[in-house]
Structures are given as structure tokens and as C-alpha cells.
Asks: 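To start, I am sharing the structure in question, which I have written as C-alpha cells.
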Protein chains: 2
Amino acid sequence: MNTIHDILKQHELRITPIREMVLVVIRDSKSALSSQDIELKLNDIDRITLYRTLKTFESKGIIHKAVDGTNVQKFAMCDAGCNEHIHHDQHAHFNCDHCGSTFCLDSLEIPAIKHDTGFQVRSMDVIMKGICADCAD
Amino acid sequence: MNTIHDILKQHELRITPIREMVLVVIRDSKSALSSQDIELKLNDIDRITLYRTLKTFESKGIIHKAVDGTNVQKFAMCDAGCNEHIHHDQHAHFNCDHCGSTFCLDSLEIPAIKHDTGFQVRSMDVIMKGICADCAD
DNA sequence: GTATACTTGCAACGCAGTTGCATTAAATTA
DNA sequence: TAATTTAATGCAACTGCGTTGCAAGTATAC
């Protein structure tokens, strides 16, 4: 189990208070978080620095963009195998119609889809939409 | 085969020159189009009116947003069965890594995906990414 | 402790998209 | 056909996400 320090070191990033705080928030969240979500959880973080930090983390393979079909960019932790060259984040995401939360469905098996479109498919994202467990009560 | 007039009439929208032009461009395009794409094809169209027009068409079920995993909002024609209450646009989209074009894959069969996540799934989008037929040469 | 170069804070900016309001114009009614 | 109704358009102004530039701050290596 990697500590925050280990994650930053492993990806050759400097360990700064801002980065630690941002990474803790993302690591500890059940759902993917937008820049604004993170900003609300961390009082007084500079919005611009947050953009930069998220961008850096994503480019290093620490976090990934959760493709959820909304206009709000959300981020979640990557698996341990990602780095700046390889992103292994081809899993489905679930977006709740009610609360807007987006969840990574890591354990979901995406079946192969046959196609004869003339397109060379390199990757595939699946977005499921509906009501999440929390809102279903 | 509906004419542009028929489509607008059927959806109870007034027939105006702007609406005709926008709808012609979208209908005749092989790929989904962004607001900017349309603006470039129609010289001197008012950007703001275009936003409004696209929003109106979408809300009436004439066009749908092509969910393609990019930050650029793109629109494509709906099937004939859509109206303001019912959108039948649950098909896959293909986004080209090279040219950025997004295509509707209407004929693609999306297999059912089993899950035990506690989520109530209401709809599902599939985004395929790779190289389109035009860029593959 | 010092030097290096990365990180942060802040100002400024670009652009997608929305809102408000007056004018225009399409459709309906008389 | 003309008058009326009301939806559509043009334009100004705005919001908010995201980017860029630069100086100051700071983490890390030596």
C-alpha cells in the first residue's frame, strides 16, 4: 500500500503540501472528483494551482479523467500500473442522474464488440447512467 | 424521406432561414459537428443564435449530443423516432484520435453488460477511439 | 549551506456557453 | 390581405472553466 509520499516519489514529483492534500482528497473519495469538488474540500487552495496539479498528476499517470458523458471534468485515482507512458484506465464509469457523482467500475468486464466500420479501434469507454446506490434509497 | 421543412413542422418549430441552413449542414455531415464546425461552414451566422438553435433542436429531439469523450460538444441528427419526450440515441460513437471527428455507429450492436454494483442502470453509452477510415490511409 | 529548477500565487486572458432585451419575422387569425 | 401573436434573431453583457506568463517561494541534490 503506497503512501502519498511513495506515490509522488515513484512518479518523480516533488513532495509539496498542496500535492499531498490534493492526492489525499482524491484517494479517499468514493467517486471521481471535479476541480470544483476538490476546491470545496480544501479551503483556500488556489484554483489555478489546482488545475496545474491535476494536470501534472494526470500526465504522470497518477490520476485519470473519468469519462462520464457530462461536461464536468472529473478525476479519479489510477491503478498502480499507470505511469506517464501507459494509462490502463479502460474501465466503465457510472454517472448518477440524480446526484451527478461518477464512479469507476473497475471490476466490470467489458465484452468485446465486433464491428465492420472500417475504423481501427484502439480503446473503448463505457458510460453507464442511472441512479447510484446512495440515491436509490 | 423528410425534407427540412417537414422535420421542423413535425417538431412544431417555425421554419426560418437560419434553422434550415443549420439543419442542412448537420443532416449532410458524415460526422457529428461542433458549434464551431457549423459556424465555419455557414459564413456570418450569429454564434449566439447558433447555440440557441442547437439547443432548441436538441430539446425537440431533432439532433442529439454525440458523447465522444472529448471536451468539444458535438451534435448529430437523431433517428426519426425521437421527439422532445423520447430520445432513442443509445448507440456507440467513434472518435478519431487523429482528426477529432466523431461518428455515430448506429448499426453497432451493444451487448448487455452484467453488473452487481448496486446501481440502477438506465442507459449506456459506448465510446470507441482509434483511427477513422479517412485517416487510416 | 548553496544552487538549481520545480512549484505556487496571482494577474490576465481566451473561449464555450448563457442571459437579457429590443427588433424582426413566421404563422395564425380575422 | 392585413393585423395580431409570439417565436426567433442579433447584439451586448456576463459567467465560469481552463490556460498562460512571470516573479517569488521552496523542495531536492550536491
Asks: Under 3.5 Å, side-chain donor or acceptor atoms of residues 97-104 of chain B against the rest of the protein: list the pairs with distances, not counting sequence neighbours.
Replies:
from: B:T102; atom 1: OG1; to: B:D68; atom 2: OD2; distance (Å): 2.5
from: B:T102; atom 1: OG1; to: B:N95; atom 2: ND2; distance (Å): 3.0

Asks: If you find the nucleotide of DNA chain D closest to B:T16 and the one closest to A:S35, which residue's nucleotide is nearer the 5' end?
Replies: B:T16
Asks: Closer to the 5' end of DNA chain C via nearest nucleotide, is it B:Q36 or B:L13?
Replies: B:Q36
Asks: Going 5' to 3' on DNA chain D, which nucleotide is the first and which the last to come under 4.0 Å of a heavy atom in chain B?
Replies: D:dT6 to D:dA12
Asks: Can you label the angle between the B:H93 ring and the B:H64 ring as parallel, tilted or perpendicular, going by 30° and 60°?
Replies: tilted
Asks: Over how many whole Å does the gap from B:Q73 atom CD to C:dA16 atom P extend?
Replies: 12 Å
Asks: Rounded to the nearest angstrom, tell me the gap between atom NZ in A:K55 and atom P in C:dT7.
Replies: 13 Å
Asks: Rounding to a whole Å, what distance do you find between B:I38:CD1 and C:dA16:P?
Replies: 13 Å
Asks: Between A:T56 and A:N71, which is nearer to the 5' end of DNA chain C once each is assigned its nearest nucleotide?
Replies: A:T56
Asks: Before accepting this row, confirm whether a basic side-chain N of the pair A:K65/A:E58 lies closer than 4.0 Å to the acidic partner's carboxylate O.
Replies: yes
Asks: Heavy atoms under 4.0 Å, any strand shown: does B:T53 hit a base, just sugar-phosphate, or nothing?
Replies: sugar-phosphate
Asks: Take atom CG of A:L54 and atom P of C:dT7, then tell me their distance rounded to the nearest Å.
Replies: 14 Å
Asks: Whole angstroms only, please: what is the CD-C1' distance between B:E12 and C:dT28?
Replies: 14 Å
Asks: Could you check which residues of residues 39-49 of chain A get a heavy atom under 4.0 Å from DNA chain D? Sort them by number, please.
Replies: A:R47, A:I48
Asks: Counting the atoms with a prime plus P, OP1 and OP2 as sugar-phosphate, which does A:R19 contact under 4.0 Å by heavy atoms, base, sugar-phosphate, or nothing?
Replies: sugar-phosphate
